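To start, the structure itself, in structure tokens.
Because the structure is a prediction, the values reported are computed rather than measured. Labels below follow one simple rule: chain letters A, B, ... track the order of the sequence lines, proteins then strands, and each chain is numbered from 1.
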Amino acid sequence: MEIVSIDSMQVYRGMDIGTAKPSRSERESVPHHLVDVADPWEDWSVARFQAEARAAVAAIQARGHRALLLGGTGLYVQAVVDDLRFPGEDLELRAELTARVEREPGGLADAYAELERVDPAAAARTEPGNTRRIVRALEVIQSTGQPFSSFGPGLGEYGPTVFPVQMAGVWMPRAILRERIDQRFDAMWERGLVEEVRDLDDDSRGWSRTARQAIGYKEILAHLRGEQPDLDAARDSAVRRTWALARRQRVWFRRDPRITWFGAPVNSRAAVLPALLAWWCP
RNA sequence: GGCCGGGUAGCUCAGUCGGCAGAGCACACGCCUGAAAAGCGUGGGGUCACCGGAUCGACGCCGGUCCCGGCCA
């Protein structure tokens with residue numbers, strides 16, 4: 001068996017403590033893929049992840065091994081196992097559209113009206129206030145000449161996967177999850193998360209748009225820049241953002257009918273292992 | 001003790017001339033195909049510190065009480 005990490009932040013080299021990366025010994029005992037494949041100053045994207053993760057899965061299978069895809073970035077899971085095709089990007093056009101939407105009064109409403117006119121199906125699954133999604137849809141339409149909606153039915157439609165997959169989800173009572181998140185931050189602080197961020201920040205190549213938004217890193221950077229003088233407040237903010245992330249993960253994965261759920265009302269990951277293993281290797 | 005400022009949602013605070021109680025954050029629910037640890041929508045939640053008064057009508061005006069902060073003694 002080999003592990004493929006399905007995680008948008010563990011791809012970054014050097015961002016070890018805050019992304020709860022697998023330890024050295026874990027990585028020595030089982031091969032891990034898609035960990036440490038980019039530098040913090042590089043932009044990362046779901047399309048790049050899709051290509052590299054699928055290549056990793058293919059290589060694992062070619063070795064006669066079994067791939068264990070492990071992680072919590074919902075869009076990335078679907079990008080790997082589902083037949084998602086991401087239309088290309090046009091960063092110049094995107095920047096132009098973004099500037100127009102943000103500068104002109106009523107620009108966002110105009111952009112949404114345009115999307116409704118040229119691609120009603122895409123407009124229907126995009127909320128009128130969501131600048132980022134509206135701009136992306138218009139970018140694709142204008143650069144490809146095709147409706148944005150023609151590239152797929154949407155993420156809530158689950159067709160056949162591109163290779164055979166068994167999907168398992170692990171749940172935990174919310175109160176326990178909260179407690180664990182809090183304790184996890186304490187542990188990260190003790191292991192030197194603040195120093196890790198400071199060291200990475202000393203590199204003049206800086207932080208890419210994607211790397212800089214990682215939970216914990218973003219808040220500590222704000223502290224180092226003097227924007228958030230209170231380090232405890234920065235920590236609290238990171239804890240709350242983790243909880244919000246966990247909530248979005250719950251929402252994302254629980255609507256996927258292909259997932260079999262495992263869990264127990266106790267604070268123990270090991271508690272679910274027997275049932276999980278029995279299901280996985282009958 | 002005196003003077004001044006304040007007390008409104010879990011938190012931080014708006015509230016114009018007296019006319020149905022508001023925002024941000026938090027929380028809950030949900031959406032989202034090249035930033036996804038991102039972005040976005042909807043919702044629940046109130047003894048407007050308390051007591052009394054004038055008024056058709058008070059968070060707002062008048063009188064009093066309590067609490068918090070600052071200054072003075």
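For RNA chain B, the neighbouring residues in residues 30-59 of chain A, judged by any heavy atom under 4.0 Å, are A:Trp44, A:Ser45, A:Val46, A:Ala47. Of the residues in residues 153-179 of chain A, those lying under 4.0 Å from RNA chain B by heavy-atom distance are A:Pro153, A:Gly154, A:Leu155, A:Arg174, A:Arg178. Only A:Arg240, A:Arg241, A:Trp243, A:Leu245, A:Arg247, A:Arg248, listed by number, bring a heavy atom of residues 238-248 of chain A to less than 4.0 angstrom from any atom of RNA chain B.
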Enumerate, atom names and distances included, each donor-acceptor pair closer than 3.5 Å involving a side-chain atom of residues 67-74 of chain A, sequence neighbours excluded.
from    : atom 1 : to     : atom 2 : distance (Å)
A:Thr73 : OG1    : A:Ser8 : N      : 3.2

Return a table of donor-acceptor pairs under 3.5 angstrom between the side chains of residues 189-197 of chain A and protein atoms on other chains or two or more places apart.
from     : atom 1 : to       : atom 2 : distance (Å)
A:Glu196 : OE1    : A:Asp16  : N      : 3.4
A:Glu196 : OE1    : A:Ile17  : N      : 3.0
A:Glu196 : OE2    : A:Asp16  : N      : 3.0
A:Glu196 : OE2    : A:Ile17  : N      : 3.2
A:Glu196 : OE2    : A:Tyr217 : OH     : 2.5

Donor-acceptor list for residues 263-282 of chain A side chains, cut-off 3.5 Å, not counting sequence neighbours:
from     : atom 1 : to       : atom 2 : distance (Å)
A:Asn267 : OD1    : A:Arg180 : NH1    : 2.7
A:Ser268 : OG     : A:Ala270 : N      : 3.2
A:Ser268 : OG     : A:Ala271 : N      : 3.1

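Here A:Gly216 lies out of heavy-atom contact (under 4.0 Å) with every strand. At the heavy-atom level, A:Arg94 lies under 4.0 Å from the strands shown only through sugar-phosphate atoms. Nucleic acid contact class of A:Thr19 (heavy atoms, under 4.0 Å, all strands): base. Here A:Asp82 lies out of heavy-atom contact (under 4.0 Å) with every strand. A:Ser8 comes within 4.0 angstrom of a nucleotide base, judged by non-hydrogen atoms across all strands. Counting any heavy atom pair closer than 4.0 Å across all strands shown, A:Gly152 reaches a base atom. Counting any heavy atom pair closer than 4.0 Å across all strands shown, A:Tyr76 reaches sugar-phosphate atoms only and no base atom.
As a whole-Å value, the separation of A:Glu102 CD from B:rC40 P is 10 Å. Distance CZ (A:Arg136) to P (B:rA36): 13 Å, rounded to an integer number of Å. Rounding to whole angstrom units, NZ of residue A:Lys218 and P of B:rA38 are separated by 7 Å. Between the CD atom of A:Gln249 and the P atom of B:rC31 there is a distance of 15 Å, given to the nearest Å.
No donor-acceptor pair closer than 3.5 Å links the side chain of A:Ser237 to the backbone N or O of A:Ala233. Judged by distance alone, with hydrogens and angles left aside, the side-chain atoms of A:Tyr12 form a donor-acceptor pair with the main-chain N or O of A:Glu42 at under 3.5 Å. Proximity of a side-chain donor or acceptor of A:His32 to a complementary backbone N or O of A:Val30 within less than 3.5 Å is detected.
For A:Gln78 and B:rU33, the shortest distance from a side-chain N or O to OP1 or OP2 is not below 4.0 Å. Regarding contacts with the backbone of B:rA36, every side-chain N or O of A:Thr73 stays at 4.0 angstrom or more from both OP1 and OP2.
For A:Ile215, taking side-chain heavy atoms from C-beta onward, the closest of the listed nucleotides B:rG39, B:rA37, B:rU33 is B:rA37. With B:rU33, B:rA37, B:rG41 as the candidates, the nucleotide lying closest to the side chain of A:Met9 is B:rA37. In the set B:rU33, B:rC29, B:rA37, B:rU33 carries the atom at the smallest distance from any side-chain atom of A:Arg125. With B:rC29, B:rA38, B:rC32 as the candidates, the nucleotide lying closest to the side chain of A:Arg250 is B:rC29.
By the 4.0 Å N-to-carboxylate-O rule, A:Arg63 lies close enough to A:Glu2 to be salt-bridged with it.
Scanning for salt bridge (charged side-chain N to carboxylate O under 4.0 Å, His left out) contacts around A:Arg174 gives an empty result, with sequence neighbours left out. Among residues two or more places apart in sequence or in another chain, the salt bridge (charged side-chain N to carboxylate O under 4.0 Å, His left out) test is passed with A:Glu219 by A:Arg241. Not counting sequence neighbours, the partners of A:Glu96 by the side chain to side chain contact (heavy atoms under 4.5 Å, CB included) test are A:Leu93. In this structure, the salt bridge (charged side-chain N to carboxylate O under 4.0 Å, His left out) partners of A:Asp82, at least two apart in sequence or on a different chain, are A:Arg258. By the salt bridge (charged side-chain N to carboxylate O under 4.0 Å, His left out) test, A:Arg13 is found to be paired with A:Asp39, residues two or more places apart in sequence or in another chain being considered.
Geometrically, A:Arg250 does not engage A:Trp261 in a cation-pi contact, judged by NZ or CZ lying under 6.0 Å from the ring centre and within 45° of the ring axis.
Here the straight-line distance linking atom CZ of A:Arg247 with atom CD of A:Gln249 works out to 11.0 Å at 0.5 Å rounding.
Taking a 6.0 Å sphere around CD of A:Glu92, one finds it holds 12 or fewer heavy atoms contributed by other residues, nucleotides or ligands.
Pairing analysis of RNA chain B (Watson-Crick: purine N1 to pyrimidine N3 plus N6-O4 or O6-N4; G-U wobble: N1-O2 and O6-N3; both under 3.5 Å) yields stems of 3 or more pairs at B:1-7 with B:66-72, B:10-13 with B:22-25, B:27-31 with B:39-43, B:49-53 with B:61-65.
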